[in-house]
Amino acid sequence: MTNTQKRMPLVELKGAGLYQDQRWLVRSIDLTVEAGEIVTLIGPNGSGKSTTVKIALGIHDPTEGTARQRPGLKVGYVPQKLSIDWTLPLMVERLMKLTGPMKKPDLEKALERVGIPHLLKNPVQNLSGGEFQRALMARAIARNPDLLVLDEPVQGVDFAGEIALYELITEIRDELGCGILLISHDIHMVMAATDRVLCLNGHLCCQGTPKAVSENDEYRKLFGNRAADAMAVYRHHHDHTHLPDGRVQHADGSVTEHCHHEDGHHAE
Amino acid sequence: MLNDFFVRALLAGVGVAIVAGPLGCFIVWRRMAFFGDTLAHSALLGVVIALLTEMHTTIGVFLVSALVALLLYFLQKKPSLSSDALLGLMSHSALALGLVALAFMTWIRVDLLDFLFGDILSVNHSDLLVIYGSAILILVVLGIIWHPLLAATVNVDLARAEGLNPARTNLIFMLLMACMIAISMKIVGVLLITALLVIPAATARRLASGPETMAVIATGLGVASVVAGLYASLEWDSPSGPSIVVAAFVMFLLSLLPIGKFGKGSKL
């Protein structure tokens, strides 16, 4: 790899916009994601978050501006909507290898990390919404991507799982050194690890650290003061996991029948 | 009693069933049965063109089917007309155009029924050569594009984002379908080609736990239908094309019997 390629961001949008069905879905978007960086897109429904991500990934060609990806970029993508037709028999194991070959240890480790190692041989149609979301997440991680793109990765996942997944995202970043582009419709919860938040509303409304964005005037205009105040910056202690058989594993490795009040964060 | 024409018919039918298995699975997974119908109906126009230009029928049918496939491919990219209505329009227009054109060609003596329902007992050596040559070509190409095609079937955006080229893969698949239509017209006729694609695949769905096994099982069922249908038509003097389809349908009904409930993968 040449030095210029190394210095190039993973993806780079310059003044990018998409015109479709007689309207602009997004316009004038500037966005870069560097290796090791977590960038979160927030914005109301229809503000063009998914569209922006799709332009960045080369799924849509921009009508205006440019979209560039680093040559040879390896992407792990969790799309917002994905339904698998019942007529297609597909086990979780096969889903994992959908877009390319995968080493068995990588595959198993990824499923373990998202908490569904026991579902390896299950048909995907039998999974609950949250389990399926985790399987998609595991698939994206197990590819060892340079860029991990998550379009609302916590949908269908319960609150405790949501916190665990956000924690996992940070862990993955630290471990793989990959860039992460995250879409969250949940303006109340943008995690502490996010390096930059971009607030979209058809155009780029504002961007900066989570704190800076929450104090931004335009952001407050868009979401209202209450929403802005409610935006939680996540610091939490996730110290126990629920095992598939209903028992609880604690951070020190011990296993008990139930979780206790003195345990850390739990679905509330 | 195995007359030579009967052996040729068996071989031809088996050759077509072998490609119908995996292609039919994709038709079912992608919900493209109507698309298959449209291509098959346009085959009649191919016959007309072949008769007018004294081309080999198979080549004429392939060219017209491929043309229609490409037309549909590009029309479907424009969401102005729902693809269901579009297919309905094209499917029956193509069939009607073919019937009208054939009726005008009074100087050519052809039996319309042979085109509509197949004429497998008249298969000659050159037909066999064309069928097996095409079948091998289809299987080799399908083998090469299998993984990307499966990924594109599950989700086009995902395939595109993760570095595959679903547009190209889908286009190749369309051409393979046109080729399949061309060689199966003589076996079951334009009206029943879709049945040969869809029924064995639908039966296989209940018996398979992965996409690859489903394709193999569909192939086996297709071959069994051809053999059973042809022997039945010899025994009871029933029309051979429809007999093959009836045999496939009987196997589908059998797969619904509760015995299957205790078999492998019957949880679904």
Side-chain angles (χ1 to χ4, degrees), chain A residues 11 20-22 50-51 53-61 69-102 121-126 132 136 139-140 142-151 181, chain B residues 22 24-33 77-80 145-169 197-218 252 255 263-268:
Chain A
V11 289
Q20 220 171 46
D21 300 329
Q22 279 105 52
S50 294
T51 309
V53 160
K54 285 181 184 177
I55 297 173
L57 288 175
I59 295 169
H60 296 315
D61 289 327
Q69 295 187 358
R70 195 161 81 186
L73 182 76
K74 192 169 187 188
V75 172
Y77 179 39
V78 178
Q80 184 183 20
K81 272 186 242 129
L82 197 152
S83 60
I84 294 181
D85 201 274
W86 179 85
T87 56
L88 176 62
L90 199 68
M91 289 193 293
V92 170
E93 189 178 20
R94 185 68 182 79
L95 173 74
M96 299 287 285
K97 300 175 193 163
L98 191 64
T99 59
M102 191 175 280
K121 299 281 182 193
N122 271 52
V124 289
Q125 288 88 355
N126 287 6
F132 185 55
L136 289 177
R139 196 198 62 83
R143 286 172 52 76
N144 291 322
D146 303 316
L147 175 66
L148 188 60
V149 180
L150 309 164
D151 195 340
L181 182 55
Chain B
C25 286
F26 276 106
I27 291 291
V28 169
W29 297 334
R30 301 169 78 108
R31 299 178 172 252
M32 281 170 69
K77 283 193 164 178
K78 304 210 177 298
S80 47
I145 63 165
W146 182 272
H147 289 284
L149 184 60
L150 191 68
T153 299
V154 169
N155 189 286
V156 173
D157 285 355
L158 185 70
R160 179 73 193 84
E162 297 191 353
L164 301 174
N165 189 342
R168 191 182 60 196
T169 315
L197 288 164
V198 170
I199 300 177
T203 314
R205 172 59 184 101
R206 315 197 135 261
L207 310 170
S209 58
E212 287 79 14
T213 42
M214 180 165 153
V216 171
I217 294 173
F252 175 73
S255 82
K264 191 180 154 206
S266 58
K267 267 181 291 182
L268 288 166

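To find a chain, count down the sequence lines: A is the first, B the second, and so on, and within it residues start at 1.
Among all heavy-atom pairs drawn from Arg94(A) and Leu150(B), the shortest one is NH2-CD2, 3.2 Å. Summarising the geometry of Ser209(B) relative to Pro89(A), their closest heavy-atom pair is C-CB, 3.7 Å, with the distance given to 0.1 Å. Nearest heavy atom pair, residue Lys81(A) against residue Asn155(B), reads O-ND2, 3.7 Å. Residues Lys54(A) and Asp157(B) approach most closely at NZ-OD2, 3.0 Å, considering heavy atoms.
The distance from atom CZ of Phe26(B) to atom OG1 of Thr87(A), rounded to the nearest 0.5 Å, is 11.0 Å. In this structure, the separation between CD1 on Ile59(A) and CD on Glu162(B) is 9.5 Å, given to the nearest 0.5 Å.
Heavy-atom pairs under 4.5 Å with chain A peak, among Ala202(B), Ala201(B), Ala161(B), at Ala161(B). Counting heavy-atom pairs closer than 4.5 Å to chain A, the top residue among Pro211(B), Pro166(B), Ala152(B), Pro148(B) is Pro211(B). When Val53(A), Leu73(A), Leu82(A) are compared by the number of non-hydrogen pairs under 4.5 Å with chain B, Leu82(A) comes out ahead. Interface remark: of the candidates Val28(B), Leu158(B), Val156(B), Leu158(B) forms the most heavy-atom pairs closer than 4.5 Å to chain A.
For Arg30(B), no part sits under 4.5 Å from any heavy atom of chain A, backbone or side chain. Of the atoms belonging to Leu90(A), heavy atoms from both backbone and side chain fall under 4.5 Å from chain B.
Remark: the backbone N or O of Trp86(A) is paired with a side-chain donor or acceptor of Arg205(B) at under 3.5 angstrom.
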